[in-house]
Amino acid sequence: MFNLLKPRGASKRRKIVGRGPGSGLGKTSGRGQKGQKARNTSPRLGFEGGQTPLYRRLPRRGFSNNDYKLEYAIVNLGDIDKKFKDGQVVNYDTLLENKLIRKKNKKIKILSNGKLTKKVSFEVSKISKSAESFVIKIGGSIKLV
């Protein structure tokens with residue numbers, strides 16, 4: 001009724017070691033003679049047999065500013081024009097509500113990509129010079145927080 005068969009070579013026999021010289025893997029079980037690898041253990045990655053490893057021989061150099069770097073969520077004027085109505089306030093909460101920024105970014109910078117046709121007021125961390133001139137030309141207000 002059912003003729004389900006495994007394809008040839010699908011199940012392989014487990015290697016049986018240490019069963020006499022006739023098996024081909026007797027006595028030392030294919031591990032060679034003596035030494036660390038023959039004794040059923042393997043050193044951790046980067047271990048150099050007791051010699052001072054490379055990661056400790058090399059000097060630690062330089063300074064990384066990564067922990068202190070300020071990251072801004074960048075929002076373009078074109079995106080604000082699509083999502084906001086005339087007279088609305090553009091700040092962290094409203095940008096989050098309109099899904100233009102993610103929660104982890106607290107600081108916001110406005111760039112001038114796209115066109116802004118609506119009169120909106122901004123409460124943001126930073127704004128580029130060109131974006132600032134666009135907003136003022138339309139009649140919007142800018143408050144840096």
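Just so it is clear, the model here is predicted, and its values are computed rather than measured. Values reported hereafter were calculated over all heavy atoms of this structure, with side chains retained and with hydrogens, waters and symmetry mates removed.
Between Glu123 and Thr94 there is no side-chain heavy-atom pair separated by less than 4.5 Å. At a threshold of 4.5 Å between non-hydrogen side-chain atoms, the residues Leu100 and Phe84 count as touching. Residues Lys34 and Arg39 meet the side-chain proximity criterion, which asks for heavy atoms closer than 4.5 Å. Side-chain contact check for Asn98 versus Asp79: every heavy-atom pair is 4.5 Å or farther apart. Between Asn91 and Val145, every side-chain heavy-atom pair lies at or beyond the 4.5 Å cut-off.
Ile127 CD1 to Ile108 CD1: the interatomic distance, rounded to the nearest 0.5 Å, is 11.5 Å. A distance of 10.0 Å separates CD1 in Ile74 from OG in Ser128, rounded to the nearest 0.5 Å. Atom CD of Gln36 sits about 7.0 Å away from atom OG of Ser42, to the nearest 0.5 Å. Taking CD of Glu97 as the start and NZ of Lys99 as the end, the distance is 10.5 Å to the nearest 0.5 Å.
Under a cut-off of 6.0 angstrom, the local environment of CZ in Arg57 is crowded, with over 12 non-hydrogen atoms contributed by other residues, nucleotides or ligands. By the neighbour-count criterion of 12 heavy atoms within 6.0 Å, atom CZ of Phe2 is sparsely surrounded, having that number or fewer from other residues, nucleotides or ligands. Within a 6.0 Å radius of CD in Gln33, other residues, nucleotides and ligands contribute 12 heavy atoms or fewer.
Looking at Lys118, its side chain does come within 3.5 Å of a backbone N or O of Asp81 through a donor-acceptor pair.
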Walk me through whether Leu95 and Val90 qualify under side chain to side chain contact (heavy atoms under 4.5 Å, CB included).
CA-CA 7 Å; Leu95 287 168; Val90 177; 3.8 Å; yes
Intermediate values then yes/no, side chain to side chain contact (heavy atoms under 4.5 Å, CB included), Leu25 and Ile16
CA-CA 8 Å; Leu25 289 167; Ile16 297 169; over 6 Å; no
Test Tyr72 against Val124 for side chain to side chain contact (heavy atoms under 4.5 Å, CB included), laying out the working first.
CA-CA 10 Å; Tyr72 289 90; Val124 291; over 6 Å; no
Test log, rule side chain to side chain contact (heavy atoms under 4.5 Å, CB included), inputs Lys103 and Tyr92:
CA-CA 9 Å; Lys103 202 163 204 132; Tyr92 177 77; 4.0 Å; yes
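Under the 4.5 Å side-chain heavy-atom criterion for ILVMFWY residues, a single connected hydrophobic cluster contains both Val120 and Leu144.
Pairing each heavy atom of Pro43 with each of Phe47, the nearest pair is CB-CD2, 3.3 Å.
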